[in-house]
Amino acid sequence: TQAMEIAPYRSDILLAAIFAYEQGHKLDEAEATAQRLLDHNPNNFSARHLMARILRRQGKYEESLSYTELDGENKPPDLVELSWLYSERARCLEAVHRYDEAYQTYQAFAASQRAHYPDLEAEKHTARKAISTQKSKLDALSKSGPAPYFPYIGKSPAFIVGFPRSGTTL
């Protein structure tokens with residue numbers, strides 16, 4: 001709250017406050033803070049997403065939908081923010097039993113992803129090639145026998161520790 005008093009319209013501070021209020025189940029405070037930010041910057045898509053989510057959590061579905069409306073010129077520049085809005089809109093539409101519109105919303109999001117990532121098959125091919133290369137290297141190492149002895153290490157076993165759950169621990 002002190003940061004909000006010092007910089008009453010800084011988006012990053014207000015977004016953090018909205019999120020904190022929401023996580024603390026203080027939905028009225030979250031809504032008021034989101035409205036304050038949106039009054040100052042109506043095209044802040046992160047605030048619009050949070051406002052829609054807060055209103056949905058309060059059961060105000062129709063009002064929530066108004067914050068997720070997108071027209072041709074008024075779309076977030078970031079695919080992540082667009083996905084948040086599409087997802088929130090679809091959830092609200094499902095909550096009010098407008099299933100056909102919810103389905104269309106999910107379809108619109110899928111279409112935007114395809115437009116944003118048109119060469120997905122090329123990416124898959126690159127990933128498969130990298131996996132194949134790594135597998136052939138591992139196969140060659142496993143066929144070469146035990147690891148060589150390094151005299152400067154000594155005869156006691158050496159343990160190499162990697163990141164947890166990343167597959168690097170030996």
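Small disclaimer: the values here were computed from a predicted structure and weren't measured. Only heavy atoms go into these numbers, but all of them, side chains included; no hydrogens, no water, no symmetry mates.
With sequence neighbours excluded, no residue forms a salt bridge (charged side-chain N to carboxylate O under 4.0 Å, His left out) with Arg91. Partners of Thr68 by side-chain hydrogen bond (donor to acceptor under 3.5 Å, both in side chains), not counting sequence neighbours, listed by chain and number: Arg89. Remark: Glu63 pairs with no residue by the salt bridge (charged side-chain N to carboxylate O under 4.0 Å, His left out) rule, at least two apart or across chains. Partners of Ser87 under the side-chain hydrogen bond (donor to acceptor under 3.5 Å, both in side chains) rule, at least two apart in sequence or in another chain, do not exist in this structure. Scored by the ring-ring contact (aromatic ring centres under 6.0 Å, His included) test, His97 finds Tyr99 as partners (sequence neighbours excluded). Annotation: side-chain hydrogen bond (donor to acceptor under 3.5 Å, both in side chains) contacts of Gln107 (sequence neighbours excluded): Tyr103. By the side-chain hydrogen bond (donor to acceptor under 3.5 Å, both in side chains) test, Gln35 pairs with Asp39, Tyr67, sequence neighbours left out. With sequence neighbours excluded, the residues satisfying salt bridge (charged side-chain N to carboxylate O under 4.0 Å, His left out) with Asp12 are Arg10.
Heavy atoms from other residues, nucleotides or ligands lying under 6.0 Å from CZ of Phe19 number 12 at most.
What you find for Ser64 and Cys92 is that their closest heavy atoms are OG-SG, 3.0 Å.
When hydrophobic residues (I, L, V, M, F, W, Y) are linked wherever their side-chain heavy atoms come within less than 4.5 Å, the members clustered with Leu65 are Leu93. Chaining together hydrophobic side chains whose heavy atoms lie under 4.5 Å apart places Tyr61 alongside Val96.
Screening residues 16-31 for salt bridge (Lys or Arg N to Asp or Glu O under 4.0 Å) gives Glu22-Arg53, Glu22-Arg57, Glu31-Lys60 as the qualifying pairs, with residues at least two apart or on separate chains.
Between the CG atom in Leu15 and the NE2 atom in His49 there is a gap of 11.0 Å [rounded to 0.5 Å]. In this structure, the separation between CZ on Phe45 and CG on Leu38 is 10.5 Å, given to the nearest 0.5 Å. Distance OG1/Thr33 to CD1/Ile54: 8.0 Å, rounded to 0.5 Å. For the atom pair CG (Leu50) and CG (Leu37), the distance works out to 9.0 Å, reported to the nearest 0.5 Å. Rounded to the nearest 0.5 angstrom, Ile13 CD1 and Ile18 CD1 are separated by 12.0 Å. Taking CG of Asn43 as the start and CZ of Arg48 as the end, the distance is 6.5 Å to the nearest 0.5 Å.
Taking 4.0 Å as the cut-off between side-chain N and carboxylate O, Glu62 and Arg98 count as a salt-bridged pair.
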